[in-house]
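Notes for the one structure printed next.
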Amino acid sequence: MVRRVAVIGAGSSGLVATKCCLDEGLEPTCFERSEDIGGLWRFTDKADRGRVSVYRSVISNTSKEMSCFSDFPFPEDFPSFLPHNLFLEYFRMYAQHFQLLRHIRFKTTVISVRKRPDFATSGQWDVVTEAEGTQESHVFDAVMVCAGNFQQPHLPLASFPGIETRFRGQYFHSLEYKDAAAFQGKRVLVVGTGNTGCDIAVDMSRVAAKVFLSARSSTWVFSRVANHGFPWDMLNTTRFNHFLEWLLPSAVMKRIRIWKTNSWFNHEIYGLASAKSSNFNFIINEELPFCMLSGTIVLKSNVKEFTETSAVFEDGTTEENIDVVIFATGYNFSFSFLEESICNPLKNNSTLYKCIFPPQLERPTLAVIGLIKLTGSVMVGSEIQARWVTGVFAGAYKLPPSSKMMAEVSKKQLPVKRNLPEKQNSRLNFISYTSEIASCAGVKPSVLRLLLTNPRLALAVFFGPCTSYQYRLMGRGQWSGAGAAILTQWQRVLKPLRTRVLEDSASSYSWRWLGLLALPTALVVGFLLSKCPKLGWAPRAGLF
């Protein structure tokens, strides 16, 4: 019987895991090695040893309605896309509202997590922590690892000949980047075209003499601002789009994706991606194409080698007088506190059952929360994981036998293509994954049932943004305010923009007619979904 749970980390995943434990009547103890909550969203001017945090200019890539915890919306006056200080403020409000701080032990590092001798029958763990130089041993019935994706910087210097032996300039991992001010007038090379690399390149382009951005693979660029000025994820991440993706051939879907993305700007002209690209790796950055158009950022191919002052690229070109090189080459995860029998097989989240449970354990009392990369908000994915996990710990849900879990993990492990970056291989479709875990927890919304009981809400669930509130409409942990939160989510998007109100237009009538036309469509789709319960939940890449 699980009662005492150790939660490792007090970032977004650790906070929601602690709250979910309390919801299930468990007794969580959250260990946080720093002095405050917030994880990487707690900005510091300097890189703290052993802790990853965001840079000063960072803005969230997912909107507030698509990122919030399912029973705690962001304040309506918060902007749709948030700087780090507002995200941290939200975490503080969440922790205070649900009285989480009393369960967190700050400045406490987890040294080791080991099975107890009787683990096969008890499922218990010996946990050793250290605070102010003093170690302490604990016994817990279960453990939730909430350390996240960003732990150890991946710095593949061996892949860049000359960077350590010849290059005389400054070089470092993007982890150490905090502010652009120190690079005034410098010639900077940023290696990597992920979200972080492109963000840093744009940030530095305002003060640097020139910024070069080295790309190894194709990258498609989205803007946070989509059609009619609405947040991109609220328009694209819908169950209707997801249904179309299942319905249409993959070749047609690829054409649609490329057409929509190129309708903003032609990626092939900019050298970012071609319609012939084998993957659809995307980033969020509405400023990058303008910086390239204005010449403050110059796109380059992969780096071949470094000389004393220059970078030589694989296309044969050379850029001279490089002052600084920033490697935005991602992170490795390492759970060094776990015993080898668990840590060694944990190569990535694909070795975990549903990206959560190590399947080889005799007792399912250890879970990894938030070790996922989604096409949407990881916060929402972490919460649905934590709800299911704590339900398993509380005895509300049962997992399959270990042999079946291991068989499923082996079946889903596809060979990783060498020519694709790791992040592309590990990114899961947001709706597919959250719906899959919600089904395990019995909280996935039924569109057909909603059509019969609340047609307006059903239309909002199917055609509107797939926000986390949908997973509070029914089942265990149902929230009475979920329906209202869904029906008012657009109001919270518009609220911070209402600083200068113009006269109302007559467009509301068109929306009413659209609703009438959508109703029969939703009925047909709801019927199809009821006949095909697994419709669309395959781990294919999402519409966007």
Side-chain angles (χ1 to χ4, degrees), residues 1-8 12-30 69-72 94 97-100 103 119-125 139-146 349 352-372 379-406 408-409 432-446 449-450 468-483 533-534 537:
M1 177 66 181
V2 171
R3 183 173 61 89
R4 300 183 68 237
V5 180
V7 178
I8 302 175
S12 60
S13 297
L15 290 175
V16 76
T18 301
K19 189 260 185 186
C20 289
C21 284
L22 295 173
D23 289 345
E24 292 290 351
L26 305 175
E27 300 177 9
T29 301
C30 180
F69 296 129
S70 58
D71 54 357
F72 196 76
Y94 184 78
H97 181 79
F98 294 108
Q99 301 180 7
L100 304 182
H103 302 281
F119 179 82
T121 55
S122 69
Q124 291 183 324
W125 300 86
V139 176
F140 285 98
D141 302 314
V143 176
M144 299 177 76
V145 180
C146 305
N349 60 15
L352 298 171
Y353 179 66
K354 305 295 185 186
C355 302
I356 302 171
F357 291 99
Q360 73 275 18
L361 293 180
E362 303 95 319
R363 306 277 291 183
T365 55
L366 185 140
V368 180
I369 305 298
L371 190 64
I372 48 174
M379 280 176 56
V380 175
S382 297
E383 183 188 28
I384 198 67
Q385 286 181 331
R387 289 177 63 189
W388 181 42
V389 166
T390 52
V392 170
F393 289 167
Y397 316 117
K398 287 188 177 181
L399 296 181
S402 178
S403 58
K404 288 188 176 181
M405 290 193 290
M406 293 180 72
E408 180 175 327
V409 167
S432 296
Y433 183 74
T434 56
S435 293
E436 180 182 1
I437 304 305
S439 295
C440 295
V443 298
K444 191 182 85 172
S446 169
R449 187 187 306 173
L450 287 172
S468 59
Y469 318 124
Q470 295 188 10
Y471 300 120
R472 290 285 182 177
L473 289 171
M474 54 191 64
R476 194 175 183 88
Q478 181 177 355
W479 176 42
S480 59
K534 294 185 179 180
W537 304 146

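Counting from 1, the numbers follow the sequence of the chain as shown.
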Angle between ring planes, Trp479 versus Tyr469, binned at 30° and 60°: parallel, tilted or perpendicular? tilted
Start with the C-alpha distance between Val7 and Thr29, add both sets of side-chain angles, then the distance that settles side chain to side chain contact (heavy atoms under 4.5 Å, CB included), and finish with yes or no. CA-CA 6 Å; Val7 178; Thr29 301; over 6 Å; no
Provide the full list of salt bridge (charged side-chain N to carboxylate O under 4.0 Å, His left out) pairs with a residue in residues 390-404, sequence neighbours left out, each pair given once. none
Checking side chain to side chain contact (heavy atoms under 4.5 Å, CB included) for the pair Gln385/Ile372: CA distance, chi angles, key distance, verdict? CA-CA 10 Å; Gln385 286 181 331; Ile372 48 174; 3.6 Å; yes
Please give me the minimum heavy-atom distance between Ala396 and Arg476, naming the atom from each residue. CB-CZ, 3.5 Å
Taking atom types as modelled, find out whether Ser402 and Gln360 have a side-chain donor-acceptor pair closer than 3.5 angstrom. no
For the student: nearest non-hydrogen atoms of Phe393 and Val2, plus distance: O-CB, 3.3 Å
Say whether Ser13 and Ser382, considering side chains only, have a donor N or O and an acceptor N or O under 3.5 Å apart. yes
Plane angle bin for Tyr94 and Phe69 - parallel if under 30°, tilted between 30 and 60°, otherwise perpendicular: tilted
Does the plane of the ring in Phe119 sit parallel, tilted or perpendicular to the ring in Trp125? Use 30° and 60° as the thresholds. perpendicular
Decide yes or no on side chain to side chain contact (heavy atoms under 4.5 Å, CB included) for Phe140 and Val5, but give the supporting numbers first. CA-CA 6 Å; Phe140 285 98; Val5 180; 5.6 Å; no
Smallest heavy-atom separation, Leu473 atom then Gly483 atom, equals CD2-N, 3.7 Å
Nearest heavy atoms of Ser70 and Arg472, plus distance in Å: OG-NE, 2.6 Å
Among all residues two or more places apart in sequence or in another chain, which pass the side chain to side chain donor-acceptor pair (under 3.5 Å) test with Glu27? Arg3
Heavy-atom closest pair (Pro359 atom, Met406 atom, distance to 0.1 Å) is CB-CG, 3.6 Å
